[in-house]
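Data block below; observations after.
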Amino acid sequence: MTSVTAAAAATVSLFFLLLFSTTAAAATFSTDVSALKAIKSAINPTTIPSYSCLASWNFTSYPCSDPHVTHFLCGLSCSANRVTQLTFDPAGYAGTLSPLVSQLTQLITIDLSNNKLSGPIPTSLFSLPNLQTLILQSNSFSGTIPPVISNLKAIQTLDISHNFLSGSLPDTSSLLTLTRLDLSFNKFTGSLPKLGRNLLEFAVKANRLSGDMPKTSFNELTQLEVVELSDNSLTGIIPGWFFLQPALQQVNLANNRFTGIEILKPINSDLVAIDAGYNKISGYLSANFTAYPMLSSLSLRYNKLQGPIPEEYSRTTTLSRLFLDGNYLNGMPPKEFFSGRSSVTGSLGDNCLKSCPTSSQLCLKSQKSSSICRQAYGGKMRQKL
């Protein structure tokens, strides 16, 4: 064979190799293309502005082809000819999420937040094997979260807050990679479920949850840092073990129906902020709160606490915000609060305290009338003072 013939043969071989490679590459993401077409078709076209990401989704070219000059300018990302991120811009898209999203099997991230998507979340979505981040917040999704959510074995962040989801909270105890879970501002009912042991942040604010704080929900959560459960209908006594969780830093249990709170002294704690205001907590104000070495903000406002304010609260050097207003605390407030050496801000008003100086910011709000205080103490207010 001559050198010319050999060169020609090599050229032909290279041509067919490139052709085969191109065809194979296209075949690897053909299901991705059909999925993206279905996703766009499920959006009301009148809600796709001309400047938006979806407006640039023109399927005359491949979504993962570079460069993106006129088509597929945003809204997705690719790796090796597969779609790995689906990220809508907040353009006000209305419509539903197509079940064919499950064909995007290489998805790592889905972020469709701040739009007007409605209807149920497709069950098929929870079959995506590589999904690490799912953010559907601030839409109008409804229906329930199915048990198959446990199939998201790679999920790390799950935010479906600010929707219209209902039913029971999902059991996420098998999701061992999940670190952030936010289901706030929905219509979930029932009790707290068991949670994944590697959770760092747990938020279910403003739902319709009921029942107490079961220890089984928080077992083995040695890394839990933030708990947001405010604006629900949780009841019973807030247990002492809850505040002793080793990594806990911020707790918001405000606006529930708790009737008591147990505070145990910690061996060590990173707890910085506690808000248990606007409940029905009765009993005496525990001095054990001051044993938490990092605690800088405490709110127990508008409960049914009685008795004096322990002197320890005016001596702690870490507490900077203290809201005890709206209770039935009595006696003389600790003088250290008003010595000029205390940096505590907040409110002690609307209680039954005696001689709370109005010159102090802590006492700007007036105290309850003596008749209300006598009634709260069963007519024995004078002895209590």
Quiz prompt | Inter-residue atom distance Thr172.OG1 - Leu195.CG, 0.5 Å rounding | solution = 5.0 Å
Quiz prompt | Shortest non-hydrogen contact from Leu329 toward Asn351 | solution = N-OD1, 3.0 Å
Exercise. Decide side-chain contact (heavy atoms from CB on, under 4.5 Å) for Ile110 and Leu131; before the verdict, give the C-alpha distance in whole Å, the side-chain angles of both, and the deciding distance to 0.1 Å.
Key: CA-CA 8 Å; Ile110 296 178; Leu131 194 64; 3.8 Å; yes
Quiz item: Taking the side chain from Asn207 and the backbone from Leu209, do they hold a donor-acceptor pair closer than 3.5 Å?
Solution: no
Quiz item: Going hydrophobic residue to hydrophobic residue with side-chain gaps under 4.5 angstrom, can you get from Leu295 over to Leu244?
Solution: yes
Quiz item: Under 4.5 Å between any side-chain heavy atoms of Leu86 and Thr109, yes or no?
Solution: no
Quiz item: Counting N and O atoms only, with roles assigned by atom type, does the side chain of Thr179 sit under 3.5 Å from a partner on the main chain of Gln156, one being a donor and the other an acceptor?
Solution: yes
Quiz prompt | Salt-bridge present (Lys365, Asp350; N to O < 4.0 Å) | solution = no
Practice problem: Give the C-alpha distance, both sets of side-chain angles, the deciding distance and a yes or no for side-chain hydrogen bond (donor to acceptor under 3.5 Å, both in side chains) between Thr290 and Arg315. | Solution: CA-CA 9 Å; Thr290 62; Arg315 296 171 185 163; over 6 Å; no
Quiz item: In the single-linkage hydrophobic clustering (I, L, V, M, F, W, Y; side-chain heavy atoms under 4.5 Å), do Leu100 and Ile121 co-cluster?
Solution: no
Self-check item: Spacing of CZ belonging to Arg321 relative to OG belonging to Ser297, to within rounding of 0.5 Å
Solution: 4.0 Å
Self-check item: Minimal non-hydrogen separation, Leu152 against Leu125, with atom names
Solution: CD2-O, 4.0 Å
Quiz item: How about Lys153: does its NZ atom have over 12 heavy atoms from other parts shown lying under 6.0 Å from it?
Solution: yes
Exercise. Kindly give the heavy-atom pair with the smallest separation between Pro49 and Ala55, and that separation in Å.
Key: O-CB, 3.2 Å
Practice problem: May I ask you to decide if Leu221's main-chain N or O and Asn219's side chain share a donor-acceptor pair within less than 3.5 Å? | Solution: no
Self-check item: Flag for Ser56-His71: side-chain donor and acceptor within less than 3.5 Å
Solution: no
Exercise. Indicate yes or no: at least one non-hydrogen side-chain atom of Arg180 is less than 4.5 angstrom from one of Asp159.
Key: yes
Practice problem: For Ser34 and Gln103, test the side chains for any donor-to-acceptor distance below 3.5 angstrom and give the result as yes or no. | Solution: yes
Quiz item: With the 4.5 Å side-chain cut-off for hydrophobic clustering, are Phe242 and Leu264 part of the same group?
Solution: yes
Exercise. Run the numbers on Ile149 and Leu158 for side-chain contact (heavy atoms from CB on, under 4.5 Å), then give the verdict.
Key: CA-CA 10 Å; Ile149 190 175; Leu158 182 59; 3.5 Å; yes
Quiz item: Has the side chain of Asp325 got a donor or acceptor atom that lies under 3.5 Å from a matching backbone atom of Gly349?
Solution: no
Practice problem: Would you list the pairs meeting side-chain hydrogen bond (donor to acceptor under 3.5 Å, both in side chains) in which at least one residue belongs to residues 187-198, sequence neighbours left out? | Solution: Asn198-Gln223
Quiz item: Does a side-chain heavy-atom distance below 4.5 Å link Leu248 with Val227?
Solution: yes
Self-check item: Pairwise ring pair (Phe, Tyr, Trp, His ring centres under 6.0 Å) hits with a residue in residues 115-157, at least two apart
Solution: none
Quiz item: Under 3.5 Å, side chain of Ser41 to main-chain N/O of Lys37, donor-acceptor pair present?
Solution: yes
Self-check item: Distance, nearest 0.5 Å, that separates CG of Leu73 from CG of Asp89
Solution: 10.5 Å
Quiz item: Going by heavy atoms in the side chains, are Val101 and Leu107 under 4.5 Å from each other?
Solution: yes
Exercise. Check the hydrophobic clustering (I, L, V, M, F, W, Y; side-chain heavy atoms under 4.5 Å; chains of links allowed) and say if Met294 and Leu322 are grouped together.
Key: no
Self-check item: Geometric class of the Phe72/Trp57 ring pair [parallel <30°, tilted 30-60°, perpendicular >60°]
Solution: tilted
Quiz item: Under the 3.5 angstrom rule, does the side chain of Asn303 hit a backbone N or O of Leu305 as a donor-acceptor pair?
Solution: no
Exercise. With rounding to the nearest 0.5 Å, note down the distance linking CD1 in Ile281 to OG1 in Thr259.
Key: 8.0 Å
Quiz item: Under 3.5 Å, is there a donor-acceptor pair linking the side chains of Arg208 and Ser166?
Solution: no
Exercise. Taking the side chain as every heavy atom from C-beta outward, state whether Leu362 and Phe338 have any pair of such atoms under 4.5 Å apart.
Key: yes
Quiz item: Which pair of heavy atoms, one from Ile160 and one from Leu136, lies closest together, and at what distance?
Solution: CG2-CB, 4.1 Å
Practice problem: Answer yes if the side chains of Asn252 and Glu228 hold a donor-acceptor pair under 3.5 Å, and no otherwise. | Solution: yes
Quiz item: Got a sec: does the CD of Glu311 have more than 12 other heavy atoms crowding it under 6.0 Å?
Solution: yes
Exercise. Say whether, by atom type as modelled, one donor and one acceptor occur between the side chain of Ser286 and the main chain of Asn288 under 3.5 angstrom.
Key: yes
Practice problem: Describe, in one word, how the ring planes of Phe289 and Phe243 are oriented to each other, choosing from parallel (under 30°), tilted (30 to 60°) and perpendicular (over 60°). | Solution: perpendicular
Quiz item: Can you check whether Phe188's main-chain N or O pairs, donor with acceptor, with Asn186's side chain at less than 3.5 Å?
Solution: no
Practice problem: Measure the spacing between CG of Asn115 and OG of Ser140 and express it to the nearest 0.5 Å. | Solution: 10.0 Å
Exercise. Look at the side-chain heavy atoms of Ile, Leu, Val, Met, Phe, Trp and Tyr, link any pair under 4.5 Å apart, and say whether Leu176 and Ile108 land in one connected group.
Key: no
Quiz item: When you look at NZ of Lys116, are more than 12 heavy atoms from neighbouring residues, nucleotides or ligands closer to it than 6.0 Å?
Solution: no
Exercise. Quick one: closest heavy-atom pair of Leu285 and Ile309, and the distance?
Key: CD2-CG2, 4.2 Å
Quiz item: Will you find, in the side chains of Ser230 and Lys205, an N or O donor that is under 3.5 Å from an N or O acceptor?
Solution: yes
Quiz prompt | Distance-only polar pair, side chains of Asn330 and Tyr377, donor-acceptor under 3.5 Å | solution = yes
Quiz prompt | Heavy-atom closest pair, residues Gly346 and Gln361 | solution = O-NE2, 2.9 Å
Quiz prompt | Student check: side-chain heavy atoms of Leu54 and Ile39 closer than 4.5 Å | solution = no
Exercise. Give the intermediate values and the outcome of side-chain contact (heavy atoms from CB on, under 4.5 Å) for residues Tyr302 and Leu324.
Key: CA-CA 7 Å; Tyr302 291 93; Leu324 300 176; over 6 Å; no
Self-check item: Criterion side-chain contact (heavy atoms from CB on, under 4.5 Å) on Thr358 and Leu364, from CA distance to verdict
Solution: CA-CA 5 Å; Thr358 55; Leu364 288 178; 5.8 Å; no
Exercise. Spell out, as yes or no, whether a donor-acceptor pair under 3.5 Å connects the side chain of Asn279 to the backbone of Asn256.
Key: yes
Quiz item: Is there a side-chain contact between Leu165 and Leu183 (heavy atoms, below 4.5 Å)?
Solution: no
Practice problem: Assess whether atom CZ of Phe164 is packed by more than 12 heavy atoms of other residues, nucleotides or ligands within 6.0 Å. | Solution: no
Quiz item: Would you call the rings of Tyr93 and Phe88 parallel, tilted or perpendicular if under 30° counts as parallel and over 60° as perpendicular?
Solution: perpendicular
Quiz item: Would you say Leu298 and Leu319 make side-chain contact, with heavy atoms under 4.5 Å?
Solution: yes
Self-check item: Distance (rounded to the nearest 0.5 Å) between Ser65 OG and Asn81 CG
Solution: 7.0 Å
Practice problem: Without swapping roles, check the side chain of Asn151 against the backbone of Ser127 for a donor-acceptor pair under 3.5 Å. | Solution: no
